[in-house]
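Working notes, structure below.
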Amino acid sequence: MKKKIVIASFISFLLCGILSAQHPVKPKTSEQSWRVLAKAQVAFDKGDYGDAIALCEEAKKARDRALEWNRYVMENTLNSPEVRRKGPFISDLIPVLKDREDFEALEIINAWLDRKGADYFDNSLPKLYEYLKRLSEYPERDFLQARIYRLEGEYDLAMRFLKNAREQSGLLDVPEQRFDILYEIADLAKVIGDQSELEGSLLLIVADDGLYKDDASKRAMVRSAQLKRKDAVSYFFMLHRHSAVKSIKAYFDLGTLYHSQNRRRDSWAMTADGVVCAFTWMLEILRDRSPQYAFKSLEGFFAECGRYEDVMAWANKNGVWKGFYDMASFSAENGWKQFALSLHKAIETSCPDQYWAAAAKKAGQELIQDNQ
């Protein structure tokens with residue numbers, strides 16, 4: 001009798017396992033992958049790297065379970081006769097699903113529409129389902145795990161996870177996080193001395209900002225720096241504006257990289273692009289704060305920046321004052337000495353950061369001495 005009970009229990013256990021595999025269970029709210037990953041981030045911030053790694057792994061498992069459930073519900077929904085008759089378009093099917101009281105399908109569809117928008121799936125429910133079938137990577141998890149491994153000194157492992165996150169960046173819930181991943185790769189590449197990876201990642205950041213590939217704008221900036229006019233610096237910033245705040249640091253880092261490689265024209269071009277983007281961003285902030293403000297001179301711009309602590313903090317964090325200084329120095333190296341002297345003078349007399357004001361004064365004096 002006991003033997004029969006054991007066998008029956010074992011068979012029941014197997015059947016439960018088979019049924020469970022055939023019919024995924026809807027994950028609990030507390031088990032959602034983003035919640036688990038948030039806990040991993042907290043552990044990371046506390047320095048509990050072991051717990052953070054374990055939670056990253058659990059977040060991936062939670063994501064897999066959720067996707068399995070999503071796919072299961074979508075498959076059943078798509079196979080229903082009413083949905084087949086009505087057609088593939090999500091906007092047409094929403095009323096059908098409401099009439100069917102297919103609340104699980106509606107919940108999943110609305111969640112993905114909130115993340116991606118209907119246009120991402122061409123308003124097609126079958127395409128949403130196909131997307132779910134392909135979705136197995138978790139770039140947010142890879143990014144956090146890479147940062148942990150980097151702090152642990154596991155640079156090769158960190159780079160592997162970062163590259164995977166970069167390759168799967170199209171799956172990010174927040175597309176802008178792609179820039180964080182690329183900057184992290186560039187920073188790690190700088191640490192390990194991989195200039196090719198450093199340059200490649202930085203170029204990916206600036207590639208689509210509208211300025212990097214604008215050869216006409218680059219030629220115009222060079223012509224402006226070559227002008228022999230007393231107000232050449234203010235004239236330059238009167239002419240050239242571009243909004244690409246995410247690219248600023250990448251441009252400055254590319255300028256530094258190219259300068260180390262003795263690529264003088266490229267180092268100036270990248271640095272000038274970064275300065276123009278930073279100038280444009282800061283000018284927009286100043287105009288929001290003081291609508292009557294209008295740019296007339298770089299000296300006046302510097303003075304206006306100095307009025308706001310948060311503008312100063314942002315400029316310091318993003319290396320903006322160094323960018324202006326490097327632009328002046330690289331101008332001199334390219335032979336545009338009048339522009340270089342004028343820019344150094346503006347930084348010396350008006351830059352609200354005293355360190356770079358002093359540096360510009362010294363550089364300007366040395367440039368004058370070299371030309372005597």
Side-chain angles (χ1 to χ4, degrees), residues 220-242 248-249 251-256 258-260 264-287 289-290 293-372:
M221 282 194 273
V222 170
R223 287 195 297 270
S224 297
Q226 292 173 331
L227 291 175
K228 306 270 192 215
R229 51 187 290 174
K230 293 181 179 180
D231 64 342
V233 169
S234 293
Y235 182 72
F236 179 96
F237 290 102
M238 284 281 193
L239 289 179
H240 304 293
R241 311 281 171 81
H242 192 81
I248 293 170
K249 185 178 184 301
Y251 279 128
F252 287 156
D253 287 347
L254 282 166
T256 300
Y258 292 156
H259 189 258
S260 71
R264 292 184 177 181
R265 184 61 68 91
D266 290 334
S267 65
W268 185 88
M270 294 298 100
T271 303
D273 284 351
V275 168
V276 166
C277 290
F279 169 78
T280 303
W281 178 254
M282 295 165 75
L283 187 62
E284 291 174 0
I285 295 174
L286 296 181
R287 285 173 172 170
R289 301 286 175 80
S290 181
Y293 172 74
F295 176 81
K296 295 180 181 178
S297 68
L298 190 61
E299 290 85 350
F301 170 79
F302 283 151
E304 190 71 12
C305 289
R307 294 178 54 201
Y308 304 101
E309 289 185 7
D310 57 338
V311 174
M312 289 291 297
W314 182 88
N316 288 327
K317 179 182 177 181
N318 289 276
V320 175
W321 312 124
K322 180 180 183 298
F324 276 101
Y325 173 86
D326 284 345
M327 184 180 177
S329 298
F330 298 165
S331 296
E333 292 177 4
N334 278 280
W336 312 323
K337 294 181 180 177
Q338 184 169 327
F339 184 87
L341 279 171
S342 296
L343 184 49
H344 274 314
K345 191 65 177 178
I347 299 169
E348 173 195 339
T349 58
S350 306
C351 180
D353 187 290
Q354 294 304 306
Y355 175 86
W356 291 109
K361 179 179 180 179
K362 180 180 178 182
Q365 291 172 343
E366 291 175 351
L367 186 56
I368 293 172
Q369 292 173 358
D370 290 342
N371 288 329
Q372 289 178 345

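- With sequence neighbours excluded, the residues satisfying side-chain contact (heavy atoms from CB on, under 4.5 Å) with A225 are W268, W336, F339.
- Contact detail for N334 and R264: the closest heavy-atom pair is ND2-O, 3.2 Å.
- Nearest approach of V320 to A278, heavy atoms of both residues: CG2-CB, 3.8 Å.
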Legend entry - Chi angles and distances behind the side chain to side chain contact (heavy atoms under 4.5 Å, CB included) call for R241, L283: CA-CA 10 Å; R241 311 281 171 81; L283 187 62; 3.4 Å; yes
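- Residues C351 and A357 share a closest heavy-atom pair of O-CB, 4.1 Å.
- Residues satisfying the side-chain contact (heavy atoms from CB on, under 4.5 Å) test with E366, not counting sequence neighbours, are K362.
- Y251 pairs by the ring-ring contact (aromatic ring centres under 6.0 Å, His included) definition with nothing, not counting sequence neighbours.
- Residues satisfying the ring-ring contact (aromatic ring centres under 6.0 Å, His included) criterion with Y258, sequence neighbours excluded, are absent altogether.
- Listed by chain and residue number, Q292, Y293, E304, Y308 satisfy the side-chain contact (heavy atoms from CB on, under 4.5 Å) test with S290 (two or more places apart in sequence, or in another chain).
- Smallest separation of non-hydrogen atoms from E299 and A346: OE2-CB, 3.6 Å.
- Looking at residues two or more places apart in sequence or on another chain, you find a salt bridge (charged side-chain N to carboxylate O under 4.0 Å, His left out) between R289 and D310.
- Listed by first then second residue, pairs satisfying side chain to side chain donor-acceptor pair (under 3.5 Å) with a partner in residues 341-360 number zero, not counting sequence neighbours.
- With sequence neighbours excluded, the residues satisfying ring-ring contact (aromatic ring centres under 6.0 Å, His included) with H259 are F330.
- Looking only at side-chain heavy atoms (C-beta outward), R307 and P352 stay at 4.5 Å or farther from each other.
- Applying the salt bridge (charged side-chain N to carboxylate O under 4.0 Å, His left out) test to residues at least two apart or on different chains, the pairs with a partner in residues 321-341 are K322-D326.
- A pairwise comparison of heavy atoms in A232 and L227 identifies CB-O, 4.1 Å as the closest pair.
- Across N318 and I248, no two heavy atoms sit closer than the pair O-CG2, 4.5 Å.
- Classified by interplanar angle (parallel below 30°, tilted 30° to 60°, perpendicular above 60°), the ring pair F279/F295 is perpendicular.
- R287 meets the salt bridge (charged side-chain N to carboxylate O under 4.0 Å, His left out) test with no other residue; sequence neighbours excluded.
- Listed by first and then second residue, the side chain to side chain donor-acceptor pair (under 3.5 Å) pairs that reach into residues 269-284 are K218-D273, S243-E284, sequence neighbours excluded.
- Ring orientation note: the planes of F324 and F302 are nearly perpendicular, at an angle over 60° on the 30°/60° scale.
- Listed by chain and residue number, A220, M221, S224, F236, V276 satisfy the side-chain contact (heavy atoms from CB on, under 4.5 Å) test with H240 (two or more places apart in sequence, or in another chain).
- To the nearest 0.5 Å, the span separating CG on L254 from CG on D266 amounts to 9.5 Å.
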